[in-house]
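Below is one structure, written out as structure tokens, with a few remarks after it.
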Amino acid sequence: MKKIVLTIAALALSGGATMAEVSVSGSAKMGLQFVDDESNKKGSKVDTVGLFRITFSASGETDGGISFGGTGTFNTHESPATMDNEAEVYISNPSWGKVTIGSVDDAEASGVGNAGLDIGIGDDAESTGRGGSADLRYDHKIAMISVAVSTDLSKDAGEREWGISMGYAATPVTVGIGINSQKVLSAGLGYSVGDISGKLSYQSQRADNKPVMPELKDFKTGTTEEKAAALATAIKSYNTALDLSRKASSLAADVNFKAGDTTITVAASRCSGTNENAGCGDIVSSGGIGMALDLGGGAVLKGGFGVNKNQAKKKITKADFGVAMSF
């Protein structure tokens, strides 16, 4: 990614110089996407892909060797027309690690890559649907081992989420494992040998405490119709909570083949859970293939094709094609 860098030198009274660096970088996507959902009576549709992102970064260092800095990212999506901004600031030192506040990622093992331009071909069924949130993160690396801890302090103490992960990197293999307060266990295994690389990702949602089944003695007031209606509503809520409490797990993998300026990516994922895949998202299986051709100058021609299946066992065919750009 190209960067425009502005370097500011502030001379100290002692005659030394403190250097601060500010940089601007950007990325964009444009293209077309096709979706044919068997469960959608309106049929297939073709839509546009439009995304522009610009990131401002600044960094510096104290006289004592503590690094500090921050980033601000502005994302503009063309369809639907939305804008969302992200910001984070950090302090770090090799001896004790890095502390970041802002739009940080939950500490977990990373997942597999997308085989398409924009619509998640091949990795749609990877998540069990219960990722955590975070606004404070700590990272530290010792030799080939890295650790991360995250939490969300914006929530009340009883609802505060957290995540812990650990990674190990020794060429050509990387290994990661993590767990969070949503009872999601994540693990990943990556490899890279010559022009071939890939990732295997696993996520498991442990069962929550089962909800309490409604009892007839709790529905004594009102007419017979009112009591029957209240009981039916309670049973429906119980069944929904029971579905969410059951265990679900997902397995995903991607493989990348590079030949000159061209990279072929194959990705697939599957989520399974108890009681008709309860605990999974709407998509329970996904698979696809993608291509990326480096055009030089920061432009990459990308496209992908894949097939998903949802909870209703309906097929969803996806395809996209366009250009990804970096500045």
Side-chain angles (χ1 to χ4, degrees), residues 86 88 100-115 120-141 145-169 173-190 198-211 237-254 267-287 308-311:
E86 301 173 0
E88 61 181 52
T100 309
I101 291 177
S103 304
V104 298
D105 294 327
D106 179 32
E108 64 177 0
S110 61
V112 301
N114 174 26
I121 294 175
D123 62 351
D124 281 9
E126 179 183 11
S127 174
T128 56
R130 287 200 172 187
S133 61
D135 58 10
L136 173 64
R137 175 168 171 144
Y138 169 76
D139 292 87
H140 193 31
K141 185 174 182 180
I145 298 177
S146 60
V147 295
V149 180
S150 65
T151 187
D152 190 345
L153 295 180
S154 65
K155 296 187 176 182
D156 294 336
E159 301 177 351
R160 194 163 294 158
E161 298 177 358
W162 54 264
I164 301 173
S165 66
M166 178 177 292
Y168 175 81
V173 176
T174 59
V175 179
I177 188 169
I179 189 171
N180 66 24
S181 56
Q182 306 303 301
K183 298 185 178 179
V184 174
L185 172 68
S186 58
L189 173 65
K199 183 74 178 292
L200 183 65
S201 174
Y202 172 79
Q203 290 189 15
S204 176
Q205 169 72 52
R206 292 192 297 137
D208 292 328
N209 296 328
K210 292 184 178 180
S237 299
Y238 168 80
N239 288 334
T240 300
L242 185 63
D243 285 345
L244 293 175
S245 73
R246 291 188 169 98
K247 181 178 179 179
S249 61
S250 67
L251 186 66
D254 67 21
S269 58
R270 179 173 179 80
C271 182
S272 59
T274 55
N275 190 18
E276 297 296 329
N277 292 323
C280 297
D282 182 56
I283 304 300
V284 295
S285 67
S286 178
N308 296 347
K309 284 190 177 181
N310 60 17
Q311 291 276 11

In N308, V284, D282, the residue satisfying side chain to side chain contact (heavy atoms under 4.5 Å, CB included) with D124 is N308
Note: V112 and K199 closest approach over all heavy atoms is CG1-O, 3.7 Å
One should read off an interatomic distance between E161 CD and D135 CG, to the nearest 0.5 angstrom, of 10.5 Å
Closest non-hydrogen contact found for S154 with D152 is OG-OD1, 2.5 Å
To the nearest 0.5 Å, atom OG of S286 lies from atom CD1 of I121 at 8.0 Å
side-chain hydrogen bond (donor to acceptor under 3.5 Å, both in side chains) filter on N114, not counting sequence neighbours, yields none
Taken in chain and number order and not counting sequence neighbours, the residues that satisfy side-chain hydrogen bond (donor to acceptor under 3.5 Å, both in side chains) with S150 are D106
_With a 4.5 Å cut-off on side-chain heavy atoms, are L136 and W162 touching?_
no
Report yes if the side chains of L251 and R270 come closer than 4.5 Å at any heavy-atom pair, otherwise no. no
Heavy atoms of A267 and G113 approach each other most closely as CB-O, 4.0 Å
Is there side-chain contact between L185 and I177, with at least one heavy-atom pair below 4.5 Å? yes
Taken in chain and number order and not counting sequence neighbours, the residues that satisfy side-chain contact (heavy atoms from CB on, under 4.5 Å) with S103 are E86
Backbone N or O of D105 within a donor-acceptor pair of the R137 side chain at under 3.5 Å?
-> yes
